[in-house]
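Written below as structure tokens is the structure these notes are about.
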Amino acid sequence: MIILILHFILGFLYQRKELNEYREVIKGVLIERDGIADFHYVESMTGFLSYHVNNQYFNVNTFFMFLAFALLSAIIYHFWDNWDKKGEMNEKGQPQ
């Protein structure tokens with residue numbers, strides 16, 4: 001479980017680093033093309049729902065982050081469900 005949490009955190013940090021590097025690339029292209037680069041324009045181009053960042057959101061890292069999140073959610077649900085049943089007995093009087 002700790003490995004999944006660690007993977008999820010490191011994957012998120014990796015995505016942030018890659019997005020910042022991608023913004024620098026766009027800024028360099030804008031400076032080369034126009035001579036200036038507006039920070040707000042670069043931010044709007046690389047916003048959450050922009051098509052300019054599809055390659056940042058849909059890659060192998062995000063696939064593994066999705067799997068890690070699904071496994072972590074299942075483990076947490078399993079522990080939560082078993083915690084609620086911890087002292088209960090079944091029909092035969094045995095602990096579940």
Review point. When rounded to the nearest 0.5 angstrom, what is the spacing between NE2 in His7 and CG in Asn61?
Key: 6.0 Å
Review point. What is the minimum heavy-atom distance between Ala37 and Lys27, and which atoms define it?
Key: CB-CG, 3.4 Å
Review point. Say you draw a straight line from CD1 of Ile26 to CD1 of Ile31; how long is it, rounded to the nearest 0.5 Å?
Key: 12.5 Å
Review point. Got a donor-acceptor contact below 3.5 angstrom from the Asp34 side chain to the Ile36 backbone?
Key: no
Review point. Taking it one step at a time, do Ser73 and Phe69 satisfy side-chain contact (heavy atoms from CB on, under 4.5 Å)?
Key: CA-CA 6 Å; Ser73 299; Phe69 182 74; 3.7 Å; yes
Check your understanding: When hydrophobic residues are tied together by side-chain contacts of less than 4.5 Å, even through go-betweens, does Phe64 share a cluster with Ile5?
Key -> no
Exercise for review: Following the transitive rule for hydrophobic clusters with a side-chain heavy-atom cut-off under 4.5 Å over Ile, Leu, Val, Met, Phe, Trp and Tyr, establish whether Tyr22 and Tyr41 coincide in one cluster.
Suggested key: yes
Review point. Taking atom CZ of Phe66 and atom CZ of Phe8, what is their separation to the nearest 0.5 Å?
Key: 10.5 Å
Point to revise | Ile3, CD1: over 12 other non-hydrogen atoms inside 6.0 angstrom | key: no
Check your understanding: Arg23 versus Leu19: any side-chain heavy-atom pair under 4.5 Å?
Key -> yes
Point to revise | Between CE on residue Met65 and CG on residue Leu10, distance to nearest 0.5 Å | key: 10.0 Å
Review point. At their closest point, which heavy atom of Leu4 faces which heavy atom of Leu72, and how far apart are they?
Key: CD1-N, 3.8 Å
Point to revise | Evaluation steps, side-chain contact (heavy atoms from CB on, under 4.5 Å), between Asn59 and Thr62 | key: CA-CA 6 Å; Asn59 57 32; Thr62 54; 3.4 Å; yes
Study note, to complete from the structure: CZ of Phe12 to NZ of Lys17, rounded to nearest 0.5 Å, is 14.5 Å
Practice item. State yes or no: do Ile9 and Ile75 share one hydrophobic cluster built from I, L, V, M, F, W and Y residues joined by side-chain heavy-atom distances below 4.5 Å, directly or via other members? Key: yes
Practice item. Mind checking the CD-CG spacing from Glu32 to Leu30? Nearest 0.5 Å is all I need. Key: 10.0 Å
